[in-house]
Amino acid sequence: MNQVVDEELLKRFADGDSASFELLYERHRGGLYRYMLRQLKDQQLAEDLFQDTWSKVIVNAESFEPNAKFSTWLYTMARNRVVDQIRHLRIVDKLIDDSTDEVDSQLGANQIEQNILEKTLQADKQSMFLKDCMQKLPVNLLEVFLLKEESTMTVKQIAEVIDSSHQATKSRLRYAYGQLKQCLSKKMPDWVSSGEGHE
């Protein structure tokens with residue numbers, strides 16, 4: 001039996017078939033949640049925005065354009081929520097302490113993330129090193145890397161989500177994988193030398 005495509009499942013859900021939504025949710029929940037968690041670095045916040053995004057899927061299912069790609073639509077909504085939340089948090093940070101600049105704030109966030117990694121990922125060095133290197137990526141490179149790794153989207157679809165050109169998105173991905181490989185080569189040279197970076 002052929003697998004029903006996402007877009008058809010959403011159409012069936014809009015027509016009243018709740019089972020189709022369950023299948024759609026199962027297909028995308030893992031990648032979408034990891035994308036949000038790694039962007040926000042806050043489990044409760046990620047869960048809230050994750051649920052909010054799926055609520056928007058439910059509310060807007062009937063208005064979905066059949067010629068669009070569901071994953072692109074889904075991750076665009078998710079990204080908008082993440083961007084809005086990050087902007088909100090930065091405003092709050094400035095109100096609490098306007099003497100703390102963005103660089104110091106980011107360094108603090110990286111330190112917290114590093115502490116979490118040291119406590120929870122000691123048994124898996126490879127995963128720990130990768131996550132550590134991911135935190136060193138510039139925001140725009142981390143974003144395209146997560147969208148590529150956590151979804152089934154093509155480079156073209158990712159470009160649509162972030163509102164960028166195909167070539168610029170492809171370049172960001174290349175830089176992201178290149179920087180990750182360079183970082184990992186310093187932490188675990190034997191592992192990196194045995195494999196190639198992604199395109």
Side-chain angles (χ1 to χ4, degrees), residues 1-92 134 137-180 197-199:
M1 183 173 134
N2 292 332
Q3 178 172 283
V4 181
V5 297
D6 293 341
E7 295 73 27
E8 177 61 26
L9 286 174
L10 187 63
K11 181 179 181 300
R12 292 181 185 181
F13 167 65
D15 290 338
D17 180 12
S18 59
S20 291
F21 177 81
E22 292 298 326
L23 184 52
L24 204 56
Y25 178 79
E26 286 300 318
R27 282 183 188 176
H28 294 279
R29 66 172 183 166
L32 185 68
Y33 177 71
R34 288 190 298 272
Y35 164 71
M36 291 187 138
L37 182 60
R38 288 171 177 171
Q39 287 278 62
L40 297 166
K41 306 178 186 70
D42 182 310
Q43 185 176 348
Q44 186 58 56
L45 192 55
E47 288 175 1
D48 290 346
L49 266 61
F50 173 81
Q51 295 299 336
D52 184 58
T53 300
W54 282 108
S55 295
K56 288 185 180 298
V57 169
I58 293 170
V59 170
N60 296 296
E62 291 184 6
S63 62
F64 177 75
E65 294 292 333
N67 60 335
K69 184 80 174 171
F70 173 76
S71 56
T72 305
W73 184 64
L74 175 67
Y75 277 87
T76 298
M77 284 194 293
R79 179 180 185 259
N80 288 340
R81 295 295 291 115
V82 169
V83 169
D84 287 345
Q85 185 61 43
I86 290 173
R87 186 181 297 120
H88 170 73
L89 290 175
R90 284 176 178 168
I91 291 172
V92 171
M134 282 168 57
L137 285 177
V139 174
N140 63 333
L141 299 188
L142 177 62
E143 178 178 53
V144 293
F145 172 76
L146 290 174
L147 287 170
K148 180 66 175 171
E149 292 298 314
E150 301 296 358
S151 75
T152 58
M153 287 188 288
T154 64
V155 175
K156 181 180 178 182
Q157 290 161 359
I158 293 172
E160 291 176 15
V161 169
I162 66 173
D163 194 23
S164 183
S165 69
H166 179 272
Q167 193 58 45
T169 303
K170 190 173 181 180
S171 294
R172 284 190 197 177
L173 273 171
R174 187 179 293 113
Y175 286 132
Y177 284 114
Q179 288 190 28
L180 284 173
H198 296 255
E199 180 60 39

So [Y] and [X], do their side chains get closer than 4.5 Å, heavy atoms only?
| X | Y | result |
| --- | --- | --- |
| Arg81 | Asp84 | yes |
| Lys11 | Ser20 | no |
| Leu32 | Glu150 | no |

Out of curiosity, [X] [atom1] to [Y] [atom2], how far, rounded to the nearest 0.5 Å?
| X | Y | atom1 | atom2 | value |
| --- | --- | --- | --- | --- |
| Phe64 | Leu74 | CZ | CG | 10.0 Å |
| Met36 | Leu146 | CE | CG | 12.0 Å |
| Leu49 | Gln39 | CG | CD | 11.0 Å |
| Ile162 | Thr169 | CD1 | OG1 | 4.0 Å |
| Lys148 | Glu143 | NZ | CD | 15.0 Å |
| Ser18 | Tyr25 | OG | OH | 15.0 Å |

Requested in this report: Would you check if the side chain of Asp52 reaches a backbone N or O of Asp48 as a donor-acceptor pair within less than 3.5 Å?
Outcome: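 Judged by distance alone, no pair lies under 3.5 Å.
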Query raised in the report: Does the Asp42 side chain pair with the main chain of Leu45, one donor and one acceptor, at a distance under 3.5 Å?
Result: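 Yes; judged by distance alone, with no hydrogens or angles, the pair exists.
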**Report entry** Ion pair check, Glu8 and Arg12, cut-off under 4.0 Å
**Finding:** yes
Requested in this report: Before accepting this row, confirm whether a basic side-chain N of the pair Arg34/Glu149 lies closer than 4.0 Å to the acidic partner's carboxylate O.
Outcome: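 Looking at Glu149 together with Arg34, the answer is no, because their closest N to O distance does not fall below 4.0 Å.
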**Report entry** Contacts of Glu65 that satisfy salt bridge (Lys or Arg N to Asp or Glu O under 4.0 Å) - sequence neighbours left out
**Finding:**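 With sequence neighbours excluded, Glu65 shows a salt bridge (Lys or Arg N to Asp or Glu O under 4.0 Å) to no residue whatsoever.
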Report task. Determine, step by step, whether Leu37 and Phe50 satisfy the side-chain contact (heavy atoms from CB on, under 4.5 Å) criterion, reporting the C-alpha distance in whole Å, the side-chain angles of both residues, the deciding distance to 0.1 Å, and the verdict. Result -> CA-CA 9 Å; Leu37 182 60; Phe50 173 81; over 6 Å; no
Should we count [atom1] of [X] as having more than 12 external heavy atoms under 6.0 Å?
| X | atom1 | result |
| --- | --- | --- |
| Tyr175 | OH | no |
| Asp15 | CG | yes |
| Glu62 | CD | no |

Any idea which heavy atoms bring [X] and [Y] closest together, and the distance?
| X | Y | answer |
| --- | --- | --- |
| Leu147 | Val161 | CD1-CG1, 4.2 Å |
| Arg172 | Leu141 | O-CD2, 3.4 Å |
| Leu142 | Met134 | CD1-O, 3.8 Å |
| Tyr75 | Gly31 | OH-C, 3.3 Å |
| Ala61 | Leu10 | CB-CD1, 3.8 Å |

Report task. List in chain and number order the residues that pass side chain to side chain donor-acceptor pair (under 3.5 Å) with Glu47, two or more places apart in sequence or in another chain; answer none if no residue qualifies. Result -> Gln43
Query raised in the report: Under the ring pair (Phe, Tyr, Trp, His ring centres under 6.0 Å) rule, what pairs show up with a residue in residues 143-167, not counting sequence neighbours?
Result: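 Output for this query lists Phe145-Tyr177.
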Report task. For Phe21, enumerate each residue passing the ring pair (Phe, Tyr, Trp, His ring centres under 6.0 Å) test, keeping only those at least two apart in sequence or located in another chain. Result ->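 Ring pair (Phe, Tyr, Trp, His ring centres under 6.0 Å) check on Phe21 returns Phe13, Trp54.
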**Report entry** Sequence-distant partners of Lys69, side-chain contact (heavy atoms from CB on, under 4.5 Å), two or more places apart
**Finding:**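 Glu7, Ser71, Thr72, Gln157.
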Report task. Using the test side-chain contact (heavy atoms from CB on, under 4.5 Å), find all partners of Arg27 that sit at least two apart in sequence or belong to another chain. Result ->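 Only Gln3, Asp6, Leu9, Leu23 meet the side-chain contact (heavy atoms from CB on, under 4.5 Å) criterion with Arg27.
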